[in-house]
Amino acid sequence: MADLTTLSIAELARGYRAGDFSPVDALRACTEAITKRDGDIHAFLEVFRDAEEAARDAEARIRTEGASAPMLAGIPLAIKDNILIEGKHASSASKILENHVAAYDATAIAKLKAQHAVFIGRTNMDEFALGSSTENSAYGPTKNPHDTSRVPGGTSGGSAAAVAANFVPAALGSDTGGSIRQPAAFCGIYGLKPTYGRVSRSGLMAAASSLDQIGALARSVDDVETLYDAIKGQDARDATTIDARETPVPEKLVIGVPRAFVSEGLDAEVRAAFDASLEQLTQFGCEVVDIELPLAPKALSIYYIINPAEVSTNLSRFDGIRYGVHEDGGTLFGDYARSRGAGFGKETRRRVLVGTYVLSAGYYDAYYRAARKARAALSADYERALERVSVIATPTAPTPPFKLGEKSDPLSMYLADIFTISANLTGMPALSMPMGTAVREGKPLPLGIQFTAARRGEPTLFAAARALDRAR
Amino acid sequence: MRPMLSAQDLKKVADLARIDVPEGELAALAGELDAILGYVQDVSSIPAPDALAATETRNVMRADANPHEPGVHTPALIAQFPERSGEYLKVKKIL
């Protein structure tokens, strides 16, 4: 039997239907890989003991339906720890939810269950989806499979590492400021943040409600697209979801590059790889043009007001009362304060406090209201640019994957998000794909290139990614 | 210029946020927050239209119909209560 852990979703699906191997075979191969190597990587917080039962159900379905069985039937998937699977623990990698068991399925999970996909386990992340390295997990960091002294990125670091290490062909993550795309870049895989509203947030533990999206991580555009197709859709349980319309792919792909913006603070090898990718796209027949995004350098300031503000509101539900860890504080107020003080990690605490400050009387106008207005202006910049070009291209991250412990200063960690946050602020879809490597201490480290399209422009993103794949 | 965030200021914010911050950590944490606030405060100088668009957000309501069966979710939810008494969630006195 071939090494099933290296196969794509399509290859697994083909093999299942041809009878070459079964979903149980694939699941066992993945579980073996996890047992052998996840001790070093720590992509998973939990591997589900009952996954084989789901694999057998998928087998039965494929036996009955054959070629018309859904694409994801029997496909092992890793699920980020902030996405609810009924009956399973979900902790958002926080101590305050250590004992929390999900009371219902996220809509994305329900859709995957309807296809008989197989959930192999829940993956590690930065606590409450706050961070850029998975170092903020209350359960220990995840390591980059390409160099275990380095971070896999975050906050979907566990999902990205699981895919990159061939533990699973694909995974679900969530993206609030780059949390799918940046780990995809750091781990050398593909990651998509859909248009805001494209995928239901019902059952995704909310970080920043106007920024969050569930998305897909995989080792190819095809697999990302397959997983995305399975989870997208308007949902009555999430009023922010949109209808199914997508914008068609333009006949000729025009790639817009915000030169001034990408010239600042870029690692030399990242710049070289980015320029090389643009050259490949030009050779392939795409047009590459310069665009201006004058407010792009300000996006970090906007983001690190809006994100903490929304986070502080969303995390107020974690009070030790209805679920999770409860610490006694003498009075009711004390119970809240002690439970949260003990249960929240350092970055979570920082974000909630910053958010509380910028929303408080006397500071609301200068910070939060100003950020809301600036966000609208930033969106207008991007919309204007995307009238002229099909996608905007930047590196996904300004540096190669950094070392564990390297960015101990909170602000330095925030600066790593410079290229990814705008897609969340504007609600636009964005995809990261591999962009060569940078060598550090003799080891080749993955880099990523990011494409952003106008809202509902996922087909154009996939077209741009396929163009670059073919151009190489 | 915004004055530096003091440990006292931070204690007030922490109370608003219902987070217990140990005395010994207040000063350092105030310093971290001060750096972050210092970085983001330029947002008020970004040129932007004065009024937020009227269509920025709108309420989406569903019909008040088709309720689920009473009690169908109750067991799963009360199983999560850290402190309970039968089917009741136990909390400390408010008054």
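Letters A, B, ... mirror the listed sequences (proteins, then strands); counts begin at 1. All values below were derived from every heavy atom in this structure, side-chain atoms included, with hydrogens, water molecules and symmetry-related copies excluded.
- The residue among Val43(B), Val21(B), Asp15(B) with the most heavy atom pairs within less than 4.5 Å of chain A is Val43(B).
- Scored by the side-chain contact (heavy atoms from CB on, under 4.5 Å) test, Pro22(B) finds Arg349(A), Glu25(B) as partners (sequence neighbours excluded).
- If you tally non-hydrogen atom pairs under 4.5 Å between each of Ala342(A), Ser316(A), Gly330(A), Pro308(A) and chain B, the highest count goes to Gly330(A).
- Along residues 333-341 of chain A, the residues that come nearer than 4.5 angstrom to chain B, judged on non-hydrogen atoms, are Phe333(A), Asp335(A), Tyr336(A), Ala337(A), Arg338(A), Arg340(A), Gly341(A) in order of number.
- Salt bridge status for Asp212(A) with Arg201(A): absent, with no side-chain N to carboxylate O gap under 4.0 Å.
- Ranked by heavy-atom pairs shorter than 4.5 Å toward chain A, the options Leu16(B), Ile94(B), Asp42(B) are led by Asp42(B).
- Heavy-atom distances place no part of Tyr303(A) under 4.5 Å from chain B, backbone and side chain included.
- With contacts defined as side-chain heavy-atom distances shorter than 4.5 Å, the pair Leu353(A)/Leu29(B) qualifies.
- Sorted by first and then second residue, the salt bridge (Lys or Arg N to Asp or Glu O under 4.0 Å) pairs with a member in residues 61-75 of chain B form an empty list; sequence neighbours excluded.
- Counting only N and O atoms by type, the side chains of Tyr382(A) and Ser422(A) include a donor and acceptor under 3.5 Å apart.
- The residue among Ile302(A), Val352(A), Ile321(A) with the most heavy atom pairs within less than 4.5 Å of chain B is Ile321(A).
- If you measure heavy-atom distances from Leu295(A) to chain B, the contacts under 4.5 Å come from the side chain alone.
- The number of heavy-atom neighbours closer than 6.0 Å to CD of Glu383(A), taken from other residues, nucleotides and ligands shown, is above 12.
- Using a 4.0 Å cut-off between charged nitrogen and carboxylate oxygen, Asp50(A) and Lys88(A) count as a salt-bridge pair.
- Of the atoms belonging to Thr240(A), not a single heavy atom falls under 4.5 Å from chain B.
- Put simply, of Val325(A), Val354(A), Asp409(A), Val358(A), the one with the most heavy-atom pairs under 4.5 Å next to chain B is Val354(A).
- Between Lys95(A) and Glu127(A), none of the side-chain N atoms (NZ, or NE/NH1/NH2) sits under 4.0 Å from a carboxylate O, so this pair counts as no salt bridge.
- A salt bridge links Asp105(A) with Lys113(A); the closest basic N to acidic carboxylate O contact falls under 4.0 Å.
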* Quick one: do Phe419(A) and Phe261(A) satisfy ring-ring contact (aromatic ring centres under 6.0 Å, His included)? Show the steps, please. => CA-CA 9 Å; Phe419(A) 295 128; Phe261(A) 182 44; 5.2 Å; yes
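- Ring geometry for Phe128(A) against Phe344(A) counts as perpendicular: the plane angle is over 60°, on a 0 to 90° scale with 30° as the lower cut.
- Neither the backbone nor the side chain of Asp319(A) has a heavy atom closer than 4.5 Å to any heavy atom of chain B.
- The closest side-chain donor-acceptor pair between Ser209(A) and Asn314(A) falls under 3.5 angstrom.
- Proximity to chain B is absent for every atom of Leu359(A), based on heavy atoms less than 4.5 angstrom apart.
- When the candidates Leu77(B), Ile78(B), Val60(B) are compared by the number of heavy-atom contacts under 4.5 Å with chain A, Val60(B) comes out ahead.
- Using a 3.5 Å distance cut-off with no hydrogens or angles, the side chains of Arg375(A) and Ser210(A) do pair a donor with an acceptor.
- Along residues 82-92 of chain B, the residues that come nearer than 4.5 angstrom to chain A, judged on non-hydrogen atoms, are Pro82(B), Glu83(B), Leu89(B), Val91(B), Lys92(B) in order of number.
- Asp417(A) and Thr420(A) form no side-chain donor-acceptor contact under 3.5 Å, judged by distance and modelled atom types alone.
- Looking at Lys12(B), neither its backbone nor its side chain comes within 4.5 Å of chain A, counting heavy atoms on both sides.
- The residues Asp235(A) and Arg237(A) are annotated as not salt-bridged, no charged nitrogen and carboxylate oxygen being separated by less than 4.0 angstrom.
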